[in-house]
Amino acid sequence: MAKKEGPPRWDRKMQQRLARGEAAALGELYDRFASLVHGLAHRVLGDERAADGITREVFVHVWEHPDSYDPKQEPLRTWVAALTHRLAVQRLRATETEALTLEGSGTPEELEHRVRRASVAARADYIVQSMPAPLRSALERAYFQRRDYRQTATDLGITEDEARRRLRLGLQLLSTAHDTQAPGAPPGFGGAA
């Protein structure tokens, strides 16, 4: 039985630096994860300004509560993504509930459907961003460039069998975006929160 490795060194060191109040650590964390945070928030909310607000909230939370992250539990990237998802879904629920109350249009069930749809889209984005580059590049060619597995194999300089394997595995990972708790998705990133 394989022994579980400890948390990545960078994650541990970053958490320790944040706990000591090192402003440079927050800047480094921001540089590393701001595009992930903003992208996930924008995917859930569909609004640039709201995504900017969530991005600020996430990094303020990390700065004010560095001990809420436990490097032994999960990678820092996963924790930041789950925090982003939770805050974005809370914001979406609040704004949609307010609109539902003020306008009287829609039902609570429709609201829940919109939240679930946004949540699945955000999980799919996270899965694609987290997958290994060879899988991602094969999927991007197949989807965005409308390439079949033969063309993808030629483009990537790999065998057709390898192209099929990468596409199949990439699609299997992506299909978990609908799962309640998808493998590879951050804990707390599975349901609509």
Side-chain angles (χ1 to χ4, degrees), residues 11 14-15 18 26-66 68-70 73-133 135-136 139-140 142-144 170-193:
D11 291 0
M14 179 57 67
Q15 194 274 338
L18 288 166
L26 182 63
E28 191 177 322
L29 187 77
Y30 182 86
D31 291 343
R32 190 168 196 161
F33 294 128
S35 64
L36 168 70
V37 169
H38 190 272
L40 287 173
H42 190 271
R43 186 70 164 143
V44 170
L45 299 167
D47 178 87
E48 191 73 26
R49 286 180 41 189
D52 289 345
I54 292 296
T55 302
R56 281 189 300 277
E57 282 183 46
V58 166
F59 288 101
V60 165
H61 177 85
V62 169
W63 179 250
E64 292 176 349
H65 308 284
S68 63
Y69 167 64
D70 181 0
Q73 295 294 319
E74 59 194 337
L76 186 55
R77 175 186 174 89
T78 301
W79 181 77
V80 167
L83 175 62
T84 303
H85 180 259
R86 188 179 75 242
L87 293 175
V89 167
Q90 286 173 354
R91 171 82 52 89
L92 180 63
R93 275 206 174 102
T95 56
E96 293 291 324
T97 300
E98 183 180 335
L100 183 67
T101 304
L102 293 175
E103 298 168 12
S105 61
T107 64
E109 292 79 23
E110 289 170 342
L111 165 64
E112 216 31 59
H113 179 71
R114 282 189 292 242
V115 169
R116 286 190 205 295
R117 190 174 57 231
S119 186
V120 167
R123 279 196 308 276
D125 282 352
Y126 180 82
I127 290 167
V128 169
Q129 290 175 12
S130 299
M131 74 179 45
L135 296 181
R136 188 172 49 250
L139 278 179
E140 286 171 348
Y143 184 77
F144 293 115
L171 289 172
Q172 286 171 342
L173 287 171
L174 200 49
S175 73
T176 64
H178 286 283
D179 292 352
T180 301
Q181 181 55 57
F189 200 54

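Taking CD from Gln73 and CG from Asp11, the interatomic distance works out to 13.0 Å, rounded to the nearest 0.5 Å. The structure places CG of Leu83 at 12.0 Å from CZ of Phe33, a figure rounded to the nearest 0.5 Å. The CD atom of Glu57 sits 10.5 Å away from the CZ atom of Arg86 when rounded to the nearest 0.5 Å. For the atom pair CG (Asp52) and CZ (Arg49), the distance works out to 9.0 Å, reported to the nearest 0.5 Å. The line from NE2 of His85 to OG1 of Thr78 is 13.5 Å long, rounded to the nearest 0.5 Å.
A donor-acceptor pair is defined here as one N or O able to donate and one able to accept, closer than 3.5 Å; no such pair exists between the side chain of Glu48 and the backbone of His42. At least one donor-acceptor pair closer than 3.5 Å links the side chain of Tyr69 to the backbone N or O of Leu76.
In this structure, the side chains of Leu87 and Gln90 come closer than 4.5 Å at one or more pairs of heavy atoms. The shortest distance between side-chain heavy atoms of Thr95 and Asp47 does not fall below 4.5 Å.
Remark: Arg136 pairs with no residue by the salt bridge (charged side-chain N to carboxylate O under 4.0 Å, His left out) rule, at least two apart or across chains.
Using cut-offs of 30° and 60° for the angle between ring planes, the His61 and His65 rings count as tilted.
Contact detail for Ala88 and Ala41: the closest heavy-atom pair is CB-CA, 4.2 Å. Minimum interatomic distance between Tyr126 and Ala81 (heavy atoms only, all atoms of both residues): CE1-CB, 3.3 Å. In plain terms, the two heavy atoms of Gly170 and Leu135 that are nearest each other are N-CD2, 4.4 Å.
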Residue pair Leu29, Trp63: steps toward the side chain to side chain contact (heavy atoms under 4.5 Å, CB included) verdict: CA-CA 10 Å; Leu29 187 77; Trp63 179 250; over 6 Å; no

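Considering Val37, Thr84, Val60 as possible partners of Thr55, the one that fulfils the side chain to side chain contact (heavy atoms under 4.5 Å, CB included) test is Val37. Ile54 pairs in a side chain to side chain contact (heavy atoms under 4.5 Å, CB included) with only one of the listed residues (Leu92, Leu40, Leu45, Val44), which is Leu45.
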